[in-house]
Every structure is written in structure tokens, then in C-alpha cells.
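Notes for the one structure printed next.
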Amino acid sequence: MRIDLHTHSRVSDGTDTPTRLVLKALEAGLDVIALTDHDTFDGVPEAVAAGKRVGLRVVPGIEMSTDVAGRSVHLLGYGCDMHNPALNRELLAVRTGRSRRLPAMCEQLSEVGVPVTMDDIKAVSPSARSLGRPHVADALVAKGYVADRGEAFDKYLAEGKPGYVARYSTDLARAITLVHDAGGAAVIAHPWSRGNDDVVTASLLESLVLGYGLDGIEVDHEDHDADTRRLLFEMGARLGLIRTGSSDYHGAGKEGHALGCNLTRKSAFLELVSRIRARGGSV
Ligand code: AMP
Ligand code: ZN
Ligand code: FE
Ligand code: FE
């Protein structure tokens, strides 16, 4: 059974429609995927319907932008009630923060000689319900200032670069509670990517397990090398965490993240499903 629990569509910063994503997952020989767009469920109904048509199981998911002591940590939520009011209020607050920072980013980019307007950003993201730096990157590419998203982040958009503007994100512990209260299971995405190993420490994970019932961590991810995967796998085992693996597929938006390049073991998936069912979520 081939299970990939972290993918993005063009409803956030992926490049495929939810339907196309499902068809590509089928072509890649997957049996189960989760659609986990950033801070929005808007692509899920289309993906679930497409999955039903072609016989591929689509788990409703989300990737929430969260904050730990000023650092960005991503939390995957699986099987949540997509209409849960508290969760949706919070997601709206995050998406509003995402949109509100864009004019400031445009202004800063024009100050360093690479002017981009809100119209440029909208032109490259017509289907996006959740706007992010990758869309600003696409606008920089479209205007010919950089070759790809990677160069856009390296030169302008990464933290500390001239186009960077911070935004609101949910406190991590609170996000876990929101996911659980919506019936879902909470898994920290790529815990040690981008230098986050000094944020997502063993002691933080232990406190999230004991205090908030964190369900799992994503171990097999392209941002983790072999040593990192082994350390996280062992740490997760000690803490009783479900350990997942996934592609974090973004279509053409992220190189080297092919669908199914990392997989979740069937036993881990079944444990997630049983926790979601126990909380009344849908999967
Ligand atoms: P945002 O959520 O708008 O702040 O943008 C963060 C997203 O940009 C992440 O989810 C990544 O997918 C992507 N990203 C962050 N840093 C980089 C980078 N250095 N190169 C390419 N993509 C990046
Ligand atoms: Zn993304
Ligand atoms: Fe992420
Ligand atoms: Fe992701």
C-alpha cells in the first residue's frame, strides 16, 4: 500500500489543480494521499470527489502555519471537520495575515530594484486561496528578475532578505488543540527542516505529547538526510509518536519532491485513522 500524506495543489502554492493532483497520484501508483494545502481546506472537496471517481483514497488535510518562540513550524492536520468554526476562524486569521503583508513586500522589493505589484502576484496565482511567498517568487520569475522560486527565496524572500515581511501564525500548541477539537490528528511536518532542529527539540516534543496529545511527526521528508531520519524515528518511537513519510509535492513549484518519493507505512496510517475515528473526525 503506497501512502503519501503531504501534498499541495494550486489552491495554495502547488501548481496542479486538486483533480490533476489526484490523477498524477494515481499515475504514480499511490493508493492514498492527503491534500494538505497551506491554511485552507478549499481544495479538499474537489480532491476527494476526484479520488472517488478514480479509486484513490484522499484524506482531508491541512498544513497550518504555526509559531514557536518566533520560529515557523508547520503542523499537518488530518481528518478534521472542515467546517469546524474555531479552526476556520483561526485559518482565516492566518490567511488574512498572509494577504496583508503582500503590499509591504511589493514596496520593499521595488526599493531594491525588482518592482512587483499586487496585480503581478494575482496574475500568477489565479486559483490560490492562500497566498504565500512562493507566489511572490512566481511573480519575480514572471518578470524575469530570477530564474526560479529557489533563486527568488535566496535573493529576496527568505528571512533576512530585502523582500521578507513577517506575518501572523498560530501558536503551535493552540494549533494542535484546534486540530483535535475539529476531530483530527496532528502531525508536525518536516520537524528539522531549515534549521528547526534547535526549535523542535526532544523536550519540546515531549511537552507537546504530554500536554497537548501531539499525534505524530513527519520523519521521511526530503529536507531530512539519513541521519536526521534515524534520529527522528528513534525519538518519535520513545515518545509514542506516529511517524509518517511524505513527498510534500508542490507540482512544478518545488524540485525534487516527486509524488510518492517518501511514503507512510501502513501501520502508521492505520494508527492515524484510528485516532481520527476516536475523535469523531472524517477519514
Ligand atoms: P510563506 O508561508 O508564505 O511564508 O512561505 C513559506 C513557503 O515557502 C514554505 O511553505 C515553503 O514551501 C516555501 N519556501 C520557504 N523557504 C524557501 C526556500 N528557501 N526556497 C524555496 N521555497 C521556500
Ligand atoms: Zn508550500
Ligand atoms: Fe511545510
Ligand atoms: Fe508542505
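In this chain, residues are counted from 1 in sequence order. For ligands, and for the atoms within them, numbers begin at 1 and follow the listed sequence.
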Practice item. Working to the nearest 0.5 Å, report the span between CD of Glu218 and CG of Leu232. Key: 10.0 Å
Point to revise | Atom name of the N, O or S atom in Asp248 that lies nearest to the Fe ion (ligand 4) | key: OD1
**Study point:** Basic-acidic side-chain contact under 4.0 Å: Glu234, Arg238
**Key:** no
Check your understanding: Which angle, to 10 degrees, forms at the Fe ion (ligand 3) with OE2 of Glu63 on one side and ND1 of His74 on the other?
Key -> 90°
Exercise for review: May I ask you to decide whether Asp31 forms a salt bridge with Arg57, counting only side-chain N to carboxylate O separations under 4.0 Å?
Suggested key: no
Practice item. Would you please say whether a donor-acceptor pair under 3.5 Å links the side chains of Asp39 and Ser65? Key: yes
Point to revise | Heteroatoms of the protein, restricted to N/O/S, which lie under 2.8 Å from the Zn ion (ligand 2) | key: Asp13 OD1, Asp13 OD2, His38 NE2, His250 NE2
**Study point:** Centroid-centroid under 6.0 Å between His38 and His8 rings
**Key:** yes
Review point. Does any N, O or S atom in His190 come within less than 2.8 Å of the Fe ion (ligand 3)?
Key: yes
Practice item. Check whether Leu204 and Leu76 end up in the same hydrophobic cluster, where Ile, Leu, Val, Met, Phe, Trp and Tyr are linked by side-chain heavy atoms less than 4.5 Å apart. Key: no
Review point. Does the pair Asp223/Arg229 count as a salt bridge with the N-to-O cut at 4.0 Å?
Key: no
Review point. Hey, is the Fe ion (ligand 4) within less than 2.8 Å of some N/O/S atom on His38?
Key: no
Review point. Can we say Asp119 and Lys122 salt-bridge, meaning some charged N sits less than 4.0 Å from an Asp/Glu carboxylate O?
Key: no
Review point. From the Fe ion (ligand 3) out to just under 2.8 Å, does an N/O/S atom of His6 turn up?
Key: no
